[in-house]
Amino acid sequence: MRRLAILLSAIVFLSGLTITGCEKPEVKPEGPKQPEGFIELLQAYNEGKVFQSAVRQGEVSILTFTDGYKLTITAFHIYDCTEKSPAKVEAVGNWWTINGSMLGIEADSSVPDLESVPVYVYYDTKTLYAYLSNRKHLVFPSKVLEDEKEHQKEMERRQNIPVIHIKTKNSAPILNKKDYVDGTITISDPEKLYSDVAEFSAEMGIRGRGNSTWSFPKKPWKVKLKEKASLLGMPADKEWALLANYADRTLVRNIVAMKLSEICGFSWTPRMHSVEVYLNGKYQGVYTLCEHKKVSSDRVDIDVVGEDVTGGDAITGGYYLEIEEQQDETTCWWTSMGVPMMFSDPEEPNSEQLAYVKSLFESFEQALWAKDYSQTSGYPKYIDVDSFVDYYIVQELTKNIDGNLRKSSFITKERGKKMEMYHLWDFDLTLGNCGYFWGNVGNGPENFWIKLDKWYPHLFADPAFVDKVQKRWNELKPEFDKIPEFIDEQTFYLAKAQERNFKVWSIWESVDWVYFPSLGSYDKEVDYLKEFYTKRLEWLDTELNKL
């Protein structure tokens, strides 16, 4: 009698209930027995058949499994929830409810599967599901779910980020940015995340690096290997950088910026990987191992002008120049528009080379000042405009306090070519992580910053430049939209390592002059980064397209 009561209750449900989930159930009374096809459905589940697809044809549902087995269901409804959410189904006390309404179907866990009745069966883009009257919720295996499981395993595997052990000779301290300390470096990548080498060891020298970052408690370093080698799958070289990211509590802003660089397609994007570092056995925290900026075939790939070149076409290049107000290289000067320039390579140009480069910048700035937009005589004659557009877009999108042609920007001038914004660098104080903007700009996601200073106000006075910025922005925007997902991925990799990092360097510690206090937890810092980025993206999308 009890079994008959349950079956009759199911019939009442199937014949009269309206579900506000993915669609209204159809009326298919079957009498006091399990609906036809239900036992076959349970058998398919018990045999481990892998769900492939479902098709609705009127009142008929056709289920297909990866082994070719097909099951046609006509006696009960299977709901298509590929575009709508399924109904909320739950057992409240001893009775089933759907979207809060009592069904009159008893929820009895003592009933075997093959003697139960279907309460609610549906499919979505992933697989097929079934609620049974005995409180079971069946989830059919599917390729989509298996792929998701494999992806999750791979993501969790990547949380075991590489570990670097640096040992200096006699445990000597690293005291300054000039003198290398001899030692060895060992990079352990047991998961082989980035190359086929589980462990790499080499002799090297190490010294301090950076400008303001060298003053922070967590020190950044430059490593110089005795012999060229590939580290974590990056092209072989001797010189590498370990960025401490002390002022960036997400630990990923530099990596995010390089993803933007990759999207734009700059001539070189420095390759970077998150690692954990030990120095002479003492844990130092999470660092970013990256390629040191330099002229080489795999980095800044230019032919540097020879030291004996004094004229002719040869004197037109190549030069690797840095915009940096620290003016800490051997040969430095300021342009007439107040842009601080330095020679990175050659470090000491001869007098003719120095005069040529300074004259080149002077001519470029004069053309800007004169509003000469001619392709043959105006500012486009001197610069690779497309690279200046991409530089602007990334610096403005990240609202880089240093990106207004003041610090850490790099220009190449190759023989017979125009000046090019070759690559990006130094983005730890970006995307809301700096509070000392001057004027009325503020640290929020609104307002222009790069557009207001030095060359860019003059460039934006040219309608053709504005048109290039707008077209390029709209071309790149779909990829920019994916960056929050990239942030989630990168910070997921650091889920374990960041906890160890902030046990050494408290999440509450701040750099006073940055004027951006801690939010108190890693998750909050990451959420803030994504929120700032999303709002900045939306604001710029509106404002750039209004110009």
Side-chain angles (χ1 to χ4, degrees), residues 173-181 205-224 239-258 261 270 272 277 284-295 299-300 320-335 338-345 347-348 391 394-395 398-411 421-431 433-438 449-450 453-454 505 509-516:
I174 305 164
L175 298 176
N176 56 54
K177 299 189 295 180
K178 180 181 178 182
D179 300 312
Y180 281 98
V181 179
I206 184 170
R207 64 167 174 82
R209 65 162 309 279
N211 290 317
S212 58
T213 54
W214 178 246
S215 67
F216 298 165
K218 185 183 180 186
K219 302 297 184 183
W221 298 302
K222 181 182 176 183
V223 171
K224 189 171 184 179
E239 298 179 85
W240 304 86
L242 281 165
L243 309 180
N245 298 311
Y246 178 76
D248 173 19
R249 284 175 287 266
T250 69
L251 305 169
V252 298
R253 278 180 168 87
N254 276 307
I255 290 176
V256 170
M258 293 310 108
S261 169
M272 299 183 170
V277 177
Q284 301 296 311
V286 174
Y287 279 69
T288 301
L289 174 67
C290 67
E291 297 174 302
H292 171 67
K293 48 185 170 51
K294 59 176 285 190
V295 173
R299 298 182 186 180
V300 180
Y320 179 38
L321 307 164
E322 180 175 358
I323 297 173
E324 177 54 64
E325 66 181 12
Q326 293 283 342
Q327 299 278 276
D328 54 1
E329 292 287 358
T330 305
T331 308
C332 309
W333 84 101
W334 291 74
T335 73
V339 178
M341 300 299 308
M342 307 191 306
F343 277 80
S344 291
D345 207 346
E347 292 183 24
E348 299 185 48
Y391 174 91
V394 176
Q395 299 287 3
T398 58
K399 203 172 184 180
N400 186 357
I401 184 69
D402 297 331
N404 60 338
L405 301 174
R406 195 167 62 87
K407 292 173 67 66
S408 298
S409 299
F410 299 85
I411 296 176
M421 288 291 191
Y422 199 87
H423 70 88
L424 301 176
W425 188 260
D426 194 6
F427 280 75
D428 56 335
L429 301 184
T430 62
L431 292 167
N433 193 36
C434 180
Y436 59 88
F437 290 88
W438 47 91
W449 174 242
I450 311 303
D453 208 356
K454 300 181 178 68
W505 313 105
E509 292 182 22
S510 296
V511 179
D512 292 341
W513 55 263
V514 173
Y515 296 114
F516 186 72

Exercise for the section: Output yes when a side-chain donor or acceptor of Lys218 lies under 3.5 Å from a complementary backbone atom of Tyr246, and no otherwise. Expected result: no
Problem - Among Tyr422, Tyr391, Tyr320, ring-ring contact (aromatic ring centres under 6.0 Å, His included) partner for Phe410 - result: Tyr320
Exercise for the section: Taking the side chain as every heavy atom from C-beta outward, state whether Trp505 and Val286 have any atom pair closer than 4.5 Å. Expected result: no
Handout entry: Lys222 charged N/C atom sitting above Tyr180 aromatic ring, 6.0 Å / 45°
Key = no
Exercise for the section: Determine whether more than 12 heavy atoms belonging to other residues, nucleotides or ligands lie under 6.0 Å from atom CD of Gln326. Expected result: yes
Problem - Approximate separation, where rounding is to 0.5 Å, of Glu347 CD and Thr330 OG1 - result: 5.5 Å
Problem - Pairwise side-chain contact, Lys177 with Asn211, heavy-atom cut-off 4.5 Å (strictly under) - result: yes
Handout entry: Any donor-acceptor pair under 3.5 Å from Arg249 side chain to Asn433 backbone
Key = no
Exercise for the section: Find the distance between CG (Asp345) and CG (Leu321) and round it off to the nearest 0.5 Å. Expected result: 9.5 Å
Problem - Chi angles and distances behind the side chain to side chain contact (heavy atoms under 4.5 Å, CB included) call for Trp221, Trp214 - result: CA-CA 9 Å; Trp221 298 302; Trp214 178 246; 4.2 Å; yes
Practice task
Answer whether the closest heavy-atom distance between the side chains of Lys178 and Arg207 falls below 4.5 Å.
Solution key: no
Completion exercise
Smallest heavy-atom separation, Asn400 atom then Ile450 atom, equals O-CD1, 3.8 Å
Fill in the blank from the handout: Correct closest heavy-atom pair for Gln395 and Leu424 would be NE2-CD2, 3.9 Å
Practice task
Check Pro270 against His423 and note the closest heavy-atom contact, atom names and distance.
Solution key: CG-ND1, 4.4 Å
Exercise for the section: May I ask you to check whether over 12 heavy atoms, not counting those of Lys294, lie within 6.0 Å of atom NZ? Expected result: yes
Fill in the blank from the handout: Ser510 and Phe516 have their tightest heavy-atom pair at OG-O, 4.3 Å
Practice task
Compare all side-chain heavy atoms of Lys407 with those of Ile401 and state whether any distance is below 4.5 angstrom.
Solution key: no
Practice task
Check the angle between the aromatic planes of Phe343 and Trp333 and answer parallel, tilted or perpendicular using the 30° and 60° thresholds.
Solution key: tilted
Exercise for the section: Would you confirm whether the ring centroid of Trp438 sits within less than 6.0 angstrom of the ring centroid of Trp449? Expected result: yes
Problem - Heavy-atom side-chain proximity of Asp453 to Arg406 below 4.5 angstrom - result: no
Problem - Close side-chain approach of Cys290 to Leu243, heavy-atom, < 4.5 Å - result: yes
Fill in the blank from the handout: Rounded to the nearest 0.5 Å, the CG atom of Asp428 sits from the OG atom of Ser212 at a distance of 7.0 Å
Handout entry: Spacing of NZ belonging to Lys219 relative to OG1 belonging to Thr213, to within rounding of 0.5 Å
Key = 9.0 Å
Completion exercise
Of all heavy-atom pairs linking Phe427 and Thr398, the shortest is CE2-OG1, 3.5 Å
Practice task
Could you check whether the rings of Phe216 and Trp513 sit parallel, tilted or perpendicular, using 30° and 60° as the cut-offs?
Solution key: tilted
Completion exercise
Tightest non-hydrogen contact, residues Tyr436 and Val514, listed as CD2-O, 4.0 Å
Problem - Validation row: Met341, Ile323 side chains within 4.5 angstrom (heavy atoms) - result: yes
Fill in the blank from the handout: Taken to the nearest 0.5 Å, the spacing of Glu324 CD from Met342 CE works out to 5.0 Å
Practice task
Would you tell me whether Asn245 and Asp248 have side-chain atoms, one donor and one acceptor, within less than 3.5 Å of each other?
Solution key: no
Practice task
Measure the shortest side-chain to side-chain distance between Phe437 and Lys399 over non-hydrogen atoms and say whether it is less than 4.5 angstrom.
Solution key: yes
Completion exercise
Value for NZ (Lys293) from CD (Glu291), rounded to nearest 0.5 Å, stands at 13.0 Å
Handout entry: Full working for side chain to side chain contact (heavy atoms under 4.5 Å, CB included) between Leu242 and Arg209
Key = CA-CA 9 Å; Leu242 281 165; Arg209 65 162 309 279; over 6 Å; no
